[in-house]
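Notes follow the structure.
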Amino acid sequence: MKRILPVAILFLLYSHARAQDASGELTPGQILRLARSTYEQGRLNEVTSQLDEKKFFNNPSVTKAEKVEGYKILCQTYIYLEEPEKADAAMLSILETDPYFKINPAVDPAEFVALYNTFRTTPIYRIGAKLGANASKPNVTESTSAVELGPGSKFNYLIGLQFGASFDLPLRNTNFTIHADALFVQRRFESKINVVIPDPFSGEDLENKFTGAEKQTWISIPITVEYKFWNKKFNPYVAAGFAVDYLFNAQMTASRVREGQTSINEKTIDFKPYRENLNISAVLAAGVKLPIAGGFIVPEVRLNYGLTQIGSKKTAFANQSFAFEYGYADPVFKLNSLGITASYIHNIFNPKKLVRKK
Amino acid sequence: MRARTTALILISLLCGWGCSNLENASASKRNTFLRLYEGPLSITATDLLVESDGFIVLGNMTNDEGITTTVALKTDLEGNQVDDFHYYEGGTGLSIIPFSNNAFTGYLVIGDSIHIDPNAGQVGNIEILSARILALNENLEMLNSKTFSDNSANVIKTDISGVALTSRGDGGIIGLLTFRVADATLKPWVISLNNNLTLDWEYRFEALEKDYVNGKSIHYYNNSTIWASSLLRQQGSFNEKYLAINRVEDYLSPLNYSLLGESLNKTIAANDLQPAQNINSGFGVVGTFSETDGSKKNMFFTRVRNNGSLSAPPDTVFIDAVAGETTSTVSKIDETGVTLCNTSDGGFILAGTMTTSPVDGITVGNGGSDLFLVKIDAFRRIVWTKIIGGTGNETVAAIKETPDKGILVCGSNDLGNYSSMYLLKLDSEGNLRD
């Protein structure tokens, strides 16, 4: 025993020395454990000096979780030391370090929970990028034609691409979010015009067929209000609003097959002069927001229902050459578009103490 | 509940997308339009009739063997076909007028029928032309026909062609035909038929020595028949033509005429003569003025008094599609004058064609030949000109002013050796824009 005791003391002293860093200071983990222990023992005034800004919070080796716990201990300390401003500062530091920090009312002290609830903890906005495809088709309000329309004359949808930036503005304490996009949208559709020519001499019908594929490029600014109708993890929502589009470019590629005669070769014509540059649509959408990392992945289905005319009576025969060659005249139409997109939107936080209005 | 709500919203999205298509949208009400009428073979338009409830377009369809069938088509006031094409085999149709007598109410069409006999003893008899008049009912169904052919004992049969018809005002009609005996000159033949289509009088101008190339219309005013012709003086490959305004009084044989350009050594081809809105102002004549080799073509317009005499000095306008009103010797681009119509303001609209060509480095025209329209006011001033067409060859057959003061043009659009008829309705300013 007499021989063991000095060895034991020496060992303990050695261990203590080994536990310190090279300069002889405590590691962040040790500081945190010490502070936690000091707080639990009620020696609150010592906690504030242990959790020093320089020794702990500014130490690059301190992890985010350790910082959060450190600030939490500090915050609770200041609450009990009845120093509300410093408690506020500590709480703000928690939220700035980890915007996704959540209280646990079952475990956390009531005062801490109450202080947390006086802060803005939700994102102020979200910003991201969107990519998808759409199928567009004219909604013909008045039919105009240069030939006698035969069976099968109609517009068909074609697929176009769209991409751009997205922006969310969540409305605090509600299930509503204002959503806006700035999109580069390609809308495509096809027109088929068939003419049936009875041949009284052979008794058979001949058919002349026109095919025109129009490609339009728009800059679109849709603004919608989203409503999260179910409080689930995947955040399902529906949305309604309107979109304002500016036509950047429009081209039609046309050809005409004439049965028994030479066909009219394919030609691409600039159609922008015959289109309205501004389009307004009503927007309806439905989607989900799947939380991931610092934001959401948002798959969405969206309908743009055209409210203003794209083609007008005035320009129906504006390209006379086109009318004579291909037998095509523009009907009066609006444009509808059904889109499927996926976007990633990133939460942007700006935590702050909420000021209660008197 | 929430799942059902979502499903309902998605279904609404799908149903709401694309409500109305071409086949079920209402037709746009328009004051102007362009309509193309395509047949199983090439069809060339020849005449147009304006009625209170629509239009009738007349044309000729020719097959690869050169056999021609007359075609007629009825449309509503917006150019939509009322029914299918009507075909009348055996010849051409050049002019159509409304007609009514005790037997029927409908239309008369004049043209040619061609009899081909490859085994004919005389070369001149392999193809023999006869003029024919078709009687059609209101639905354009053929009732009967009347042929004017050489039934004489002549060794070489006379070719007879129908040119134009007009109403006599008392229910009868006047017809303009041409005839050529063997290799002799082309001469006019005027017939007058009673309301029961029996011959009232006729005169064949046998004594004329030059080829009479008749304009496309004939008119009856103050017991006289008036039409425009070009008298042809051919020297090798050069065609010198000068204008003749012909007037024949009822039952009288002498042909009175006024001449224009007889000594100019040019080609003045008169293609149509039409009355002014007020017949006291006389008639307008349109045609093509060019060098005798066919170069430097300009459209020309001149006024004729209601007795068929030309103004002295002649009141003639020469029109170039680039230069506007020009002199007879200046032509920046080739035009032809084909037909004209009077307008309610006392003026005329002239219709012809122009050939797409580069002028001072800029291409004028849309390709091939295009429709060329000129508005002339009551004081013979050019108000506006229009060039309308596509990359094919557009030609004009007839032009009319409609009751709403629009302009209706009928012609042919030849694209890739296939011709279709077109009907073009413009506003009073010549625009295709509602």
Side-chain angles (χ1 to χ4, degrees), chain A residues 135 137-149 151-155 157 191-193 195 197-202 206 208 229-230 236 238 258 260-264 284-286 301-303 305 313-318 320-327 329 331-333 336-338, chain B residues 1-3 5-7 9-10 12-14 16-42 63 69 79-81 84-87 89 366-367 370-371 387-392 394 413 415-418 420 422 424 432-434:
Chain A
K137 195 164 81 167
N139 177 13
V140 180
T141 54
E142 291 178 27
S143 172
T144 305
S145 179
V147 293
E148 204 71 16
L149 295 178
S153 298
K154 59 181 176 180
F155 282 105
Y157 70 84
S191 52
K192 284 191 178 297
I193 295 174
V195 177
I197 303 167
D199 185 344
F201 307 109
S202 68
L206 302 172
N208 291 347
F229 60 88
W230 207 353
V238 292
R258 304 188 298 182
Q261 308 293 337
T262 54
S263 297
I264 311 300
L284 285 177
V301 174
R302 174 180 289 194
L303 170 69
Y305 188 86
K313 276 171 76 167
K314 195 174 59 176
T315 59
F317 294 100
Q320 294 167 8
S321 184
F322 200 56
F324 274 107
E325 282 179 71
Y326 293 96
V332 179
F333 68 94
N336 293 346
S337 187
L338 187 65
Chain B
M1 176 65 182
R2 290 191 180 93
T5 307
T6 312
I9 290 164
L10 287 172
S12 302
L13 289 176
L14 290 167
W17 171 60
C19 295
S20 190
N21 213 317
L22 276 174
E23 55 220 347
N24 51 21
S26 58
S28 183
K29 294 287 177 196
R30 295 185 60 89
N31 295 317
T32 64
F33 59 79
L34 167 65
R35 295 303 293 258
L36 302 175
Y37 308 104
E38 299 171 313
L41 300 170
S42 277
N63 67 12
T69 299
N80 302 303
Q81 280 180 237
D84 289 337
F85 285 15
H86 295 265
Y87 298 95
E89 293 182 77
N366 298 313
D370 294 325
L371 173 65
I387 297 173
I388 299 169
T391 58
E394 287 76 44
N413 171 34
L415 197 57
N417 291 324
Y418 171 73
S420 54
Y422 70 81
L424 176 65
L432 184 54
R433 183 179 63 214
D434 254 34

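By convention in this document, chain letters (A, B, ...) are assigned in the order of the sequence lines, proteins followed by strands, and residues within each chain are numbered from 1. This structure is a prediction, so every number in the text was calculated from the model and none was measured.
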Checklist entry - Roughly how far apart are B:Leu36 CG and A:Glu325 CD, rounded to 0.5 Å? => result 11.0 Å

Checklist outcome for this item: Answer key: most heavy-atom pairs under 4.5 Å with chain A among B:Pro40, B:Ser420, B:Gly390 is B:Pro40

Checklist entry - With only heavy atoms counted, which part of B:Asp84 is less than 4.5 Å from chain A, the side chain, the backbone, both or neither? => result side chain

Checklist entry - Are B:Thr391 and A:Ser321 side-chain neighbours, meaning at least one heavy-atom pair lies under 4.5 Å? => result yes

Item to check | Any donor-acceptor N/O pair, A:Thr262 side chain to B:Gly416 backbone, under 3.5 Å | outcome: yes

Checklist entry - Under a 4.5 Å heavy-atom cut-off, does chain B meet the side chain of A:Pro331, its backbone, both or neither? => result side chain

Checklist entry - Counting N and O atoms only, with roles assigned by atom type, does the side chain of B:Ser20 sit under 3.5 Å from a partner on the main chain of A:Asn139, one being a donor and the other an acceptor? => result no

Checklist entry - How far apart are the closest heavy atoms of B:Glu23 and A:Ser153, and which atoms are they? => result OE1-O, 3.5 Å

Next on the checklist: Heavy-atom cut-off 4.5 Å, strictly under: side chain, backbone, both or neither for A:Phe201 against chain B?
Outcome noted: side chain

Item to check | Engaged part of A:Gln320 at the chain B interface, taking heavy atoms whose separation is under 4.5 Å | outcome: both

Next on the checklist: I'd like to verify something: which residue of A:Leu149, A:Asn208, A:Ile264 has the highest number of heavy-atom pairs under 4.5 Å with chain B?
Outcome noted: A:Asn208

Item to check | Stepwise side-chain contact (heavy atoms from CB on, under 4.5 Å) check, B:Arg35 with A:Glu148 | outcome: CA-CA 8 Å; B:Arg35 295 303 293 258; A:Glu148 204 71 16; 3.0 Å; yes

Checklist entry - Got a second to check how far A:Lys137's NZ is from B:Asn21's CG, nearest 0.5 Å? => result 5.5 Å

Checklist outcome for this item: If you tally heavy-atom pairs under 4.5 Å between each of B:Ile388, B:Leu22, B:Asn366 and chain A, the highest tally belongs to B:Leu22

Item to check | chain B contact via A:Ala329 - which portion, at a heavy-atom distance below 4.5 Å | outcome: neither

Next on the checklist: Holding to ring-ring contact (aromatic ring centres under 6.0 Å, His included), I want the full list of residues that pass it with B:Phe85, two or more places apart in sequence or in another chain.
Outcome noted: none

Item to check | Heavy-atom proximity to chain A below 4.5 Å, by part of B:Ile387 | outcome: backbone

Next on the checklist: Does atom CZ (B:Arg30) have a neighbourhood of more than 12 heavy atoms from anything else shown, all under 6.0 Å?
Outcome noted: yes

Checklist entry - How close do B:Asn413 and A:Phe324 get, heavy atom to heavy atom, and via which atoms? => result ND2-O, 2.9 Å

Checklist entry - Side chain, backbone, both or neither: which part of A:Val195 has a heavy atom under 4.5 Å from chain B? => result side chain

Next on the checklist: Within the 4.5 Å heavy-atom criterion, are A:Leu206 and B:Glu38 side-chain neighbours or not?
Outcome noted: no

Next on the checklist: With a 6.0 Å cut-off (strictly less than), is the heavy-atom count around CG of B:Asn417, excluding the residue itself, greater than 12?
Outcome noted: no

Item to check | Those residues that, when tested against B:Thr69, pass side-chain hydrogen bond (donor to acceptor under 3.5 Å, both in side chains) (two or more places apart) | outcome: none

Next on the checklist: A side-chain contact here means heavy atoms from C-beta on lying under 4.5 Å apart; do A:Thr144 and B:Phe33 qualify?
Outcome noted: no

Next on the checklist: Need one label for B:Tyr418: side chain, backbone, both or neither, based on atoms under 4.5 Å from any heavy atom in chain A.
Outcome noted: both

